[in-house]
Amino acid sequence: MRLKFSLRRTSLKAQLISSYLVILGAGGLITSLVGSWIVSTTIMRQAQRSVEDALATARTLYEQQLFTLKQAVQLTAAGRTIQDALASGDRSALQARLQGVRTEAGFEFVSLTDAAGRVIFRVTRPEHMGQEAGRITVVRSALGGRVAAATEILTAQQLEDEDPNLRARAYFWLVRTPHARPPVRAEETTGMVLMAAAPVRGRRGEILGALYGGILLNRNFALVDRVWELIFKGDRFGNQDVGSVTLFQNDVRIATTVKTETGERALGTQVSAEVYDDVLGRGRRWRGPAFVVRDWYISGYEPIRNYQGQVIGILY
């Protein structure tokens, strides 16, 4: 009897210890899971805040560049040099003045139209005149008396009219990219341009024409590199840079700090399908994990619109 009682007491004790260990283990597991969830959530929130701050900085620099161009054409068009040169026919004075504006403000092309929108002078191609520029929205706005600045898409021919080198720089073969929509075209021939235009008025306030200029963003790495250096320079995880910056024309990377496996800039690659649908399809901002060329990143995307408000690209 004593032996049975002892065995029962030992068995009960073992059960109690086992139950305690199970409870302790379960509690520890739950605590660990909850702790991991809290840490992961905190890290994710911090990453998203960092993305928000970075994207806000990128947008500010982008808009500052556009404002600089707008201010340059507005001040130049309001001066007397263009009016006097047009009245006297002094093309050398016009060339000198507009070349100076091009250099100081960083324009890649600067041109002048008549009141009908026909080009009467180009800094980059002085002999190339007569083409219709009034179809470009910001130029049409200037011919209507309003100073305008926006991101616009120019055709291959419009780019060549300004400078044949711009047409060549805008051209891309599209690269098939994981998680992207199947491409509907094999190449991109148009270019995304920061443009500004202002009316040129006569002495009585009549509109004589429009002064306009622009910067082609395709293969122009100045802006993305400047943003990257300002926000991410020195931040690395292992042997990789932490952050990246991209300008998309529609869904195609035209200027980026994202690299391929061979270390080249990932030009011609496409945005992921889910980002395409939200940003380009619905005109909404995107925040969260997204596949970028060859890996997943906590990302921020927002639409780039033209003067008419249409989504024509993405800032990433």
Side-chain angles (χ1 to χ4, degrees), residues 65-66 68-69 72-73 76 82 85 91-114 116-140 142-143 148-175 185-198 200 209-225 247-250 252-256 264-269 304 306-307 312-313:
Q65 179 75 78
L66 201 53
T68 297
L69 302 185
V73 294
T76 305
I82 295 177
R91 295 179 66 82
S92 61
L94 198 57
Q95 173 72 24
R97 178 69 181 106
L98 297 186
Q99 179 60 54
V101 172
R102 180 186 177 220
T103 302
E104 291 167 11
F107 285 106
E108 291 191 285
F109 61 88
V110 176
S111 300
L112 182 66
T113 77
D114 61 17
R118 292 279 176 182
V119 175
I120 57 175
F121 186 80
R122 281 192 170 94
V123 172
T124 46
R125 302 183 70 184
E127 77 292 343
H128 195 61
M129 300 179 293
Q131 295 75 28
E132 172 62 55
R135 296 190 186 95
I136 302 171
T137 311
V138 292
V139 177
R140 187 163 64 245
L143 292 171
T151 310
E152 298 288 352
I153 302 294
L154 297 190
T155 67
Q157 186 58 58
Q158 287 170 326
L159 292 170
E160 182 167 354
D161 286 338
E162 301 299 341
D163 185 342
N165 293 324
L166 298 181
R167 177 174 183 164
R169 210 176 83 205
Y171 185 88
F172 284 104
W173 280 105
L174 270 61
V175 179
R185 62 201 187 285
E187 58 185 3
E188 181 61 73
T189 61
T190 61
M192 194 161 79
V193 182
L194 292 177
M195 285 196 70
V200 176
L211 176 68
Y212 71 90
I215 298 174
L216 177 65
L217 295 174
N218 302 46
R219 290 189 172 86
N220 187 333
F221 307 120
L223 181 62
V224 294
D225 285 352
L247 291 174
F248 290 88
Q249 178 180 324
N250 193 29
V252 178
R253 285 180 179 84
I254 59 170
T256 184
E264 300 174 339
R265 296 183 191 252
L267 300 173
T269 57
I304 295 173
N306 63 11
Y307 190 69
I312 59 171

Dump the intermediate steps for side chain to side chain contact (heavy atoms under 4.5 Å, CB included) on F109 and D163, then the final yes or no. CA-CA 7 Å; F109 61 88; D163 185 342; 5.6 Å; no
Apply the test side chain to side chain contact (heavy atoms under 4.5 Å, CB included) to residues V193 and L159: give CA-CA distance (whole Å), side-chain angles for both, the deciding distance (0.1 Å), then the verdict. CA-CA 10 Å; V193 182; L159 292 170; 4.1 Å; yes
Evaluate the criterion side chain to side chain contact (heavy atoms under 4.5 Å, CB included) for residue pair L267 and F221; output intermediate values, then yes/no. CA-CA 11 Å; L267 300 173; F221 307 120; 3.8 Å; yes
Pair I153, N306 - check side chain to side chain contact (heavy atoms under 4.5 Å, CB included), show working. CA-CA 8 Å; I153 302 294; N306 63 11; over 6 Å; no
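Considering all non-hydrogen atoms of both residues, G117 and T113 come closest at C-CB, 3.8 Å. Scanning all heavy atoms of the two residues, the minimum distance from I120 to M129 falls at O-SD, 2.9 Å. Of all heavy-atom pairs between A133 and Y212, the closest is CB-OH, 3.8 Å. The heavy-atom pair separating A186 from W173 by the smallest distance is O-CE3, 3.3 Å. A105 and Q65 get closest at one heavy-atom pair: O-NE2, 4.4 Å. For the pair Y307 and A149, the tightest heavy-atom approach, listed with the atom from each and the gap, is CD1-O, 4.2 Å.
Looking only at side-chain heavy atoms (C-beta outward), H128 and V119 stay at 4.5 Å or farther from each other.
The line from CD1 of I254 to CG of L247 is 6.0 Å long, rounded to the nearest 0.5 Å. Rounding to the nearest 0.5 Å places OG1 of T151 at 11.0 Å from CD of Q249. Expressed to the nearest 0.5 Å, how far OG1 of T68 lies from CD of E104 amounts to 12.5 Å. Here the CZ-CG distance, from F121 to L211, works out to 10.5 Å after rounding to the nearest 0.5 Å. To the nearest 0.5 Å, the span separating CG on L216 from CZ on R167 amounts to 13.0 Å. Taking CD from E187 and CZ from F172, the interatomic distance works out to 12.5 Å, rounded to the nearest 0.5 Å.
Of the possible donor and acceptor atoms, one in the side chain of N218 sits under 3.5 Å from a partner among the backbone N and O of M192. Side-chain N or O atoms of R97 include none that pairs as donor or acceptor with a backbone N or O of A85 at under 3.5 Å. A distance-only check finds no donor-acceptor pair linking the side chain of R125 to the backbone of E162 [under 3.5 Å]. A donor-acceptor pair under 3.5 Å is formed between the side chain of E188 and the backbone N or O of T190. Between the R102 side chain and the E108 main chain, a donor and an acceptor come within less than 3.5 Å of each other. The backbone N or O of V252 sits nowhere less than 3.5 Å from a side-chain atom of N250 that would complete a donor-acceptor pair. A side-chain donor-acceptor contact under 3.5 Å links R219 to the backbone of R169.
Side-chain atoms of R265 and T256 form no donor-acceptor pair, as typed in the model, at a separation below 3.5 Å.
The environment of CZ in R135 is sparse: at most 12 heavy-atom neighbours from other residues, nucleotides or ligands sit within 6.0 Å.
Looking at E160, R122, Q157, Q158 one by one, the single match for side chain to side chain donor-acceptor pair (under 3.5 Å) with Q131 turns out to be R122.
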